[in-house]
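As structure tokens, the structure follows; a few thoughts come after it.
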Amino acid sequence: MSETRFWTSSAQAAIQAVGGSPAGLSAQIAAQRLAQDGPNSLGSAQHRRLLFDLARRLANPLVLILLAASAVAGLTGDLVSFTIIAAVILLSTLLDMIQEHRAQNAADALRQSIALRTQVLRDGAFVEQPVQDLVAGDVVALSAGDLVPADGIILSANAAQANEALLTGEPYPVEKKPQPFDAGPGDDDTSGVVFRGTSLVAGSLQMLVVATGKRTRLGAIADALHETPAPTAFEHGIHRLGMLIVRLTIFLVLFVLLAHLALGRPPLQSFLFAMALAVGLTPELLPMIMTVALSRGAQRMAASRVVVKRLSSIHDLGQMDILCTDKTGTLTEAHITLVGHPGLDGRDCERVIELAAVNARFESGLKSPLDEALLEHMADKALSGWTKIDERPFDFERRRVSVLAEHGADRVEIVKGAPETVLALCDRAQTADGRTMLLDEALRREIIDLHDARAAEGLRLLGVAWKAAPGRTRIEQDDDGGLIFCGYCVFVDPPKPSATSAVARLEAAGIGIKVISGDAAPVVRHLVGTLSLPVNGMMTGSEIAALSDQALAARVEAVDIFARVTPDQKTRIVRALRARGHTVGFIGDGINDAPAIRAADVGLSVDGATDVARDAADMILLAPDLGVLADGVLEGRRTYANIMKYLRMGTSSNFGNMLTMAVASLWLPFLPLTPVQVLLNNLLYDLSQIGIPLDGADREDLAKPHAWDMAAIMRFTAIMGPLSSLFDIATFALLIGVAHAGIGEFRGAWFIESMASQILVGFVIRTSLPFWRSRPHRALVASAVLGMAGALALPFGPWAGVLGFTSPSASLIAGIAALILVYLATAEWLKGYALRASPARSHNMLTAANLA
Ligand SMILES: Nc1ncnc2c1ncn2[C@@H]1O[C@H](COP(=O)(O)OP(=O)(O)OP(=O)(O)O)[C@@H](O)[C@H]1O
Ligand SMILES: [Mg+2]
């Protein structure tokens, strides 16, 4: 769909075109339009269709070749094989697909629960609606911190500023205000319109929606942007491992095929066998296991009140070794109250609080908790007599709010903000009795000392200043000089006692904490002292500003407290830590935190946070509490441990099977299993693994962050794979050399041996502890029992003949059982050695290399 460039025609024309009016829509018409136009989302309208998905999976070339080859075999007489092969392929694909779908649906439902909502005018009143349900013609009210939910025309605005970096690349906010309704067409000015995906960073506005979903300007480029984030180190590693297995498989299949042909075996049977092996060896279950494990993880995390938006961030959470946190709300209660408003002499002064409250009342930007505390304090005292002329809303670079207001005949500009910023703009000061004096060095020192004394007690302060502004009607960018300092507003934001134990838990889990705040250094230092957080070293924004990225990276690890930092510096700190090889989490709730949340490996926000922060985050904490996060980290690690379990079992048994098949092809005078039997073996093995995502993890797996370690997987495979083939070959020797088994009996016995050894060894290698010390999950035991029962039922049931088996004798089974016991004992003995992490592995080096 192409964008309409509606802003080039007059607002009137655009509004008429969508049949809207400033009065909004009725709920009934909105529902009709929603049915007609579809939801306001950029994703594909419907879920992928099940049938379509099935076709996509069956289109796997290996599967197609196998089906084609067995069809050829079917035409030449072996119809039974063809039927069974087709049925087995269909069955295992369905099994795989249904699990994945269910997992995806569960994860989607969780994501839905935290979907963005917005204020919409319906039937004449503003109501909260999910952003998805917006239609053209709706009137939407936005305020600072909100994401713009659709493209639209501004009906009214109040000091609104939008960040349009996503569309224009321009990092600085641009002013937004309504344009004349009948302005001529052809104008490419976009100041009177807003676009989906941008955000309001200051002020407020009302817009009339003219385009939703894919018809928006963002929708037109969304496919090109393709919102899939860059793969994480873990996904990258999995992909590499998968490719390695595929390459090995191709090599093996060619080897087996050529060996059989060279030895003069029937070509079609040999080909079918080789293809069945290939289907069995490819790690086709990996995506399903990943999705199911991750979605399970997400569900469990939701139970501990962490909602996951991006599933793959669960690994990053498990791997996270540094958590950066803002201060307000995570380390403090965020119930801010005003406790004083001292003038120059240190005693509370009415003038100070009045000016500050007027400033807070007239600010239309994002109301900060400080503003709310001021207004709450003034609730009983009227601010009547004051009228607003203009304002310059808060932003995190200026760290102040300027308001132009009038009281009777006096027109004044009132500025409140970070004390040092405000003081720097003053050249005079005013006492409580109204005397104005020059602000000399001595007086400046006194005022600073007054501040430092309170800040050292952990109190937050705002400076308040003013100047006469006769005849002025606007506040321009650089008007804030020559102010008269008046006093401070003093606030208390009590520390959150639960933060201490939550931080201790995170520390115990191997996660270092860094506090990154826009607040003043003494306040932050006092807070971390009160909570006795294990943090050291302090750096301020002005120090960071003087450092290059390299210099910052060199120092950033040794510093745990950052104060008076700008939003951009928050991002620089995160980047510097990542460049040092850390997996970094960032938790924050404000507009100022959003860029850093996005820059982190794991972006975290809380449920009550601004849209912009929630949108940037990978996970949302439903309670603003670090304790919740500590639980989440354990879930992340458990999920990771389970995926590693599957990988270890899969790669080592695959590799073992490859070796076995290579030997068998050269040595056995017949195929060790028929193609049908190979596929059945594969299906049963898959079935036995269904329980893995539910399995628990040992305490050892949860104790510290784990990075993807390819070398360790290779090492494990190189030890455990050959071990299993050794026992396979011993089984061959037993069957042929000792028992002189016929072909059917050989295949029956070997089918059982290979299934039993693969399934049972899983219980040995799923844990690094002695296997009897770690209890597997019931579901894993159940699926394993199911797989084993199948393995025994096939060669022994009435269908054995059709499947090409002859039931093995009791003594053969006893022999095999003995071999398997020895195998399991050897595996248990060797696994400590095989499971050791690669010695060269340094967490830092590895992740740094992956980042590059
Ligand atoms: N409404 C306001 N009016 C004037 N100044 C403000 C206002 N809000 C914040 N400031 C100033 O800007 C500074 C930075 O804002 P803030 O403390 O919210 O940053 P932050 O990085 O989000 O901090 P935190 O770590 O506490 O969440 C404040 O310390 C204060 O000096
Ligand atoms: Mg904050």
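Whatever order the structure lists them in is the order used to number ligands and atoms, beginning at 1. All residue numbers refer to positions in the sequence shown, counting from 1. In this text the structure is predicted, and so the values were computed from the model without any measurement.
- With no hydrogens or angles considered, no side-chain donor-acceptor pair links Thr566 and Asp568 at under 3.5 Å.
- Between Phe491 and Tyr488, the ring center distance fails the sub-6.0 Å criterion.
- The closest side-chain donor-acceptor pair between Thr583 and Gln319 falls under 3.5 angstrom.
- Closer than 4.0 angstrom to ligand 1 by heavy atom are Asp326, Lys327, Thr328, Glu363, Ser368, Leu370, Asp371, Phe394, Phe396, Arg399, Val401, Lys416, Gly417, Ala418, Arg460, Leu462, Ile516, Ser517, Gly518, Asp519, Arg564, Lys570, Asn592, sorted by chain and number.
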Run Arg361 and Glu354 through salt bridge (Lys or Arg N to Asp or Glu O under 4.0 Å) and show every step you take. CA-CA 10 Å; Arg361 167 72 48 89; Glu354 183 175 6; over 6 Å; no
Show the atom names and distances, to 0.1 Å, of all donor-acceptor pairs under 3.5 Å that link a side chain in residues 618-629 to residues at least two apart or in another chain.
from: Asp618; atom 1: OD1; to: Arg310; atom 2: NE; distance (Å): 3.0
from: Asp618; atom 1: OD2; to: Arg310; atom 2: NH2; distance (Å): 3.3
from: Asp618; atom 1: OD2; to: Gly603; atom 2: N; distance (Å): 2.8
from: Asp625; atom 1: OD1; to: Gly627; atom 2: N; distance (Å): 2.9

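- For the 3.5 Å distance criterion, the side chains of His451 and Glu420 fail to qualify, holding no donor opposite an acceptor.
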